[in-house]
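Keep in mind that what you see is a predicted model, and the values were worked out from it rather than measured.
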Amino acid sequence: MKIPDLFSLKGKIALITGGERMYGKSCSVALTEAGAKLYMACPFLDAAEETANELRTAGSEVEVVQYFQDDAASIRRLVEHVVEKENRIDVFINACRVIPKGKTGWFQEGDGLDWSVKVNSAGMLYVTTLVGKQMIAQRSGSIISFASMMGLVGIEKHNYDGEPAMAESAFSHDYALNKSGIIAWTRHAASYYGRFGVRVNTVCPGGVQSDRTPAQFMENYAKHTQLNRLANNDDIKGPIVFLASDASAYLTGLSIPVDGGYTCI
């Protein structure tokens with residue numbers, strides 16, 4: 001197979017949760033630019049349709065499905081909907097994440113933590129296993145989870161010098177708990193799904209620059225990366241297409257930092 005064919009997703013059916021903004025939007029762009037038909041599952045239809053319309057204008061085929069990852073019935077309906085329409089799911093990316101309700105920081109309220117773990121861990125596992133069931137039946141598929149470099153290393157507190165509110169949030173427990181759990185689960189799932197021809201990998205992004213990122217944090221953070229910057233909107237696209245496509249056909253069980261070298265020392 002030639003290189004352009006290895007990286008092509010033409011004719012593939014891709015499903016993404018949380019694909020309307022930030023890293024998730026970059027994934028949606030990457031999947032469609034590589035040729036996939038995309039199902040975008042999001043709770044916020046206005047934001048999702050805005051992104052979907054951008055992709056449609058570029059010539060891509062995209063359908064938005066309203067989806068709530070804290071609702072088991074919504075999760076089942078989503079997977080059933082895609083399977084009923086396409087009879088397969090070739091690529092699944094779970095980029096969905098919620099921020100805990102209530103107080104952030106080292107001491108968080110139980111109810112807020114319960115909800116975030118329900119969505120970010122339990123809901124993620126449930127939707128993935130339902131997609132995985134379909135991939136087992138078709139004996140193929142690529143599952144790509146989103147963890148974080150903060151699931152690999154601890155907090156560098158000086159990243160937040162001059163940004164006390166960000167520092168408080170950085171030490172919230174749910175993010176590190178959920179993201180490190182996804183990294184461990186990736187090895188666990190790869191050992192199960194491999195016999196069925198299904199691959200499971202995870203990306204561990206670092207910080208991404210956006211219009212909401214404070215300048216002081218960007219300056220502090222850049223000093224701790226080997227490439228001396230935060231990620232931009234294109235930096236996740238290559239790794240996603242690589243993991244989604246046949247270019248990575250012999251890779252499974254990996255958690256790949258996409259962090260500008262932040263975690264390499």
Identify whether the distance between the nearest side-chain nitrogen and carboxylate oxygen of [X] and [Y] falls below 4.0 Å.
X      : Y      : result
Glu80  : Lys85  : no
Asp161 : Lys223 : no
Glu86  : Lys37  : yes

Going from CE on Met135 to CD1 on Ile89, what distance comes out if it is rounded to the nearest 0.5 angstrom?
->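 Going from CE on Met135 over to CD1 on Ile89, the span is 6.5 Å.
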What do the steps show when you test Ile236 against Phe146 for side chain to side chain contact (heavy atoms under 4.5 Å, CB included), and what is the final call?
-> CA-CA 11 Å; Ile236 199 70; Phe146 259 76; 4.1 Å; yes
May I have all residue pairs that pass ring-ring contact (aromatic ring centres under 6.0 Å, His included) and include part of residues 35-76, sequence neighbours excluded?
->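 Output for this query is empty, none listed.
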Pairs meeting criterion ring-ring contact (aromatic ring centres under 6.0 Å, His included) with involvement of residues 199-220, two or more places apart =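 Counting only pairs at least two positions apart or across chains, the ring-ring contact (aromatic ring centres under 6.0 Å, His included) contacts touching residues 199-220 are Tyr160-Phe217, Phe217-Tyr221.
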Between Ser26 (side chain) and Asp234 (backbone), is there a donor-acceptor pair under 3.5 Å?
->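 Looks like no, no N/O pair under 3.5 Å.
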Anything under 3.5 Å between a donor and an acceptor, one on a side chain of residues 13-24, the other on a protein residue two or more places apart or in another chain? List them.
{"unit_1": "Thr17", "atom_1": "OG1", "unit_2": "Asn94", "atom_2": "OD1", "d": "2.9"}
{"unit_1": "Thr17", "atom_1": "OG1", "unit_2": "Ala95", "atom_2": "N", "d": "3.4"}
{"unit_1": "Tyr23", "atom_1": "OH", "unit_2": "Gly206", "atom_2": "O", "d": "2.8"}

How would you list, by chain and number, every residue that makes a side-chain hydrogen bond (donor to acceptor under 3.5 Å, both in side chains) with Glu33, sequence neighbours excluded?
->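 Once residues adjacent in sequence are excluded, the partners of Glu33 under the side-chain hydrogen bond (donor to acceptor under 3.5 Å, both in side chains) criterion are Lys237.
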Side chains of Leu243 and Ile256: closer than 4.5 Å at any heavy-atom pair?
->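 Yes. Closest side-chain heavy atoms under 4.5 Å.
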Name all residues meeting the ring-ring contact (aromatic ring centres under 6.0 Å, His included) criterion together with Tyr126; count only those two or more places apart in sequence or in a different chain, and write none if there are none.
->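 ring-ring contact (aromatic ring centres under 6.0 Å, His included) list for Tyr126, sorted by chain: empty.
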Residue of the set Val65, Leu31, Thr51, Thr32 for which side-chain contact (heavy atoms from CB on, under 4.5 Å) holds with Met40 =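 Going through Val65, Leu31, Thr51, Thr32 one by one, the side-chain contact (heavy atoms from CB on, under 4.5 Å) with Met40 is satisfied by Thr51 alone.
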Residues which pass salt bridge (Lys or Arg N to Asp or Glu O under 4.0 Å) with Asp174, listed by chain and number, not counting sequence neighbours =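 So Asp174 forms no salt bridge (Lys or Arg N to Asp or Glu O under 4.0 Å) with any residue.
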